[in-house]
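These figures come from a predicted structure and were not determined experimentally.
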Amino acid sequence: MFALIDCNSFYCSCERVFRPDLESRPVVVLSNNDGCCIALSPEAKALGLKMGTPYFQARELINRHKVAVFSSNYELYGDLSRRVMTVLGRFSPRQEIYSIDECFLDFSGFHDPEARAREIKRTVERWTGIPVSIGVGATKTLAKAANRFAKNDPQSGGVKVLPPDVDPGDTLARLPVREVWGVGHRWARRLGDYRIDTAEALRRADPAWIASVFNATLARTVRELQGHTCIPLELQPPPKQQIVVSRSFGRPVTAFEDLREAVFTHVTRAAEKLRGDGLAAQVVHVFAHTNAFQPEAPQYHGTATLALPRPTQDTRRLASQAEAGLRRLYRNGFCYKKAGVMLLELGSPNVLQNELFATPETDGETFRTRRLMEVLDNINRRLGRGTMFLAGQGGHQSPRPWRLRREMRSPRYTTAWKELRQVN
DNA sequence: TCTGGGGTCCTAGGACCC
DNA sequence: TCTGGGGTCCTAGGACCC
């Protein structure tokens with residue numbers, strides 16, 4: 001059993017913690033540059049405001065109903081999030097912090113999950129001032145589904161349990177398929193072509209058929225709806241694969257200098273994140289593009305990807321590489337609307353350094369091949385899908401071992417590598 | 001005039017190899 | 001001259017999540 005605890009209108013609730021006068025008044029929180037509405041209190045939703053609506057389109061409605069409007073304050077939200085998560089962590093040793101406002105708890109073995117959930121809800125609200133909704137189910141997907149009812153059904157009192165021994169068909173039949181975790185608007189539309197309009201209809205679908213017509217991810221969702229755990233609890237966040245920092249400009253930008261300044265700011269911030277996670281990067285990717293909302297204007301998506309001479313977390317090195325990338329992608333005569341930096345091929349600095357010496361020189365050598373292949377087979381089996389490193393005789397002869405390096409970061413790799421060296 | 005930011009996973013298809 | 005089957009690697013793009 002899993003519980004999903006979700007903070008109600010999290011950013012709005014955070015603002016309300018310090019502004020009790022806003023209780024029961026509609027509240028909206030805006031994105032960067034006050035571009036669009038990214039959080040709405042229930043009262044704001046009732047006015048017909050929608051998540052993601054551009055502020056300039058909503059402004060008239062907002063003014064007319066005296067909606068309280070805030071620019072986003074991520075430090076505040078991060079701080080309150082940590083407090084909420086700490087409180088939640090007291091109720092189960094197995095906790096997955098899924099996002100800034102959601103977490104899963106392992107509810108296995110609780111004899112009265114509903115009472116437990118209500119206790120959690122009361123405690124969080126009393127200790128942090130943030131209201132939450134709780135859904136409980138046999139899988140994470142079912143817990144998510146239950147959460148929708150906890151949130152939207154006033155009868156529920158903010159808690160909904162789907163017991164594993166009761167067929168959830170009646171409940172799931174009331175959940176539009178679009179609201180299932182893992183089903184976005186595109187798949188919802190395509191599923192509709194097959195008359196799969198509700199969570200229940202999706203649960204009744206054949207996973208193999210779904211896998212062939214859609215993909216493996218959606219098939220997994222079907223299995224989860226059927227009560228089979230396919231998405232385990234992740235107690236530790238997996239290591240980051242990329243770090244992105246990007247912003248829209250308040251005004252269109254044309255000059256290289258302005259672009260350079262923005263990219264410098266972004267790469268500095270990205271380097272801070274990198275060091276904060278104890279990682280180093282091997283690749284810098286830079287991008288800048290024009291405003292897609294003005295299709296009549298000339299459009300340009302500039303990107304540049306550069307490998308670093310050696311793994312680094314040093315701001316200056318990253319910045320010089322980012323600037324080189326920017327020079328490469330910059331085209332005169334465009335109005336740039338957004339720019340950003342991505343750091344890729346991340347890993348622990350030491351491991352990455354060692355990898356520079358770890359490129360195995362086994363290509364083209366036929367002696368000991370048989371034994372080598374046996375070992376590789378074993379290793380690959382253990383490492384699982386997508387990691388058939390070194391196994392083929394074909395493949396690129398040129399050394400671009402990015403893929404290799406990614407696998408090498410896993411702790412399992414270390415053992416694998418030792419074995420390989422023994423054979424060699 | 002004004003339309004967010006930060007992530008992950010999967011798949012199709014081309015280049016390349018034997 | 002015929003033009004296969006099996007495989008890897010990479011990229012782009014599509015889908016999803018918050």
Could you tell me whether A:Q242 contacts a base, only the sugar-phosphate backbone, or nothing, with contacts defined as non-hydrogen atoms closer than 4.0 Å?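 Counting heavy atoms under 4.0 Å across all strands, the contact made by A:Q242 includes a base.
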
How is A:D34 classified with respect to the nucleic acid when contacts are heavy atoms under 4.0 Å: base, sugar-phosphate, or nothing? nothing

Round to the nearest Å and state the distance from [X] atom [atom1] to [N] atom [atom2].
| X | N | atom1 | atom2 | result |
| --- | --- | --- | --- | --- |
| A:N215 | B:dA12 | CG | C1' | 12 Å |
| A:F249 | B:dG4 | CZ | C1' | 14 Å |
| A:F10 | B:dG4 | CZ | C1' | 18 Å |
| A:Y11 | B:dG4 | OH | P | 15 Å |
| A:W181 | C:dA15 | CH2 | P | 20 Å |
| A:L4 | C:dC18 | CG | C1' | 12 Å |

Heavy-atom pair with the smallest gap, counting every atom of A:Q313 and A:A271: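 Residues A:Q313 and A:A271, closest heavy atoms: O-CB, 4.5 Å.
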
Over 60° means perpendicular and under 30° means parallel, so tell me whether A:Y98 and A:F104 are parallel, tilted or perpendicular.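 Answer is perpendicular, since the angle exceeds 60°.
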
Measure the acute angle between the ring planes of A:Y77 and A:Y74, then classify it against the limits of 30° and 60° as parallel, tilted or perpendicular. perpendicular

Would you say [X] places a side-chain N or O within less than 4.0 Å of OP1 or OP2 belonging to [N]?
| X | N | result |
| --- | --- | --- |
| A:K337 | B:dT3 | yes |
| A:S99 | C:dC17 | no |
| A:K338 | B:dT3 | no |

Rounded distance in Å between the C1' positions of B:dC16 and C:dG4: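 The same atom, C1', in both gives a distance of 16 Å.
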
Is it the case that atom CD in A:Q236 sees more than 12 heavy atoms from other parts of the structure closer than 6.0 Å? no

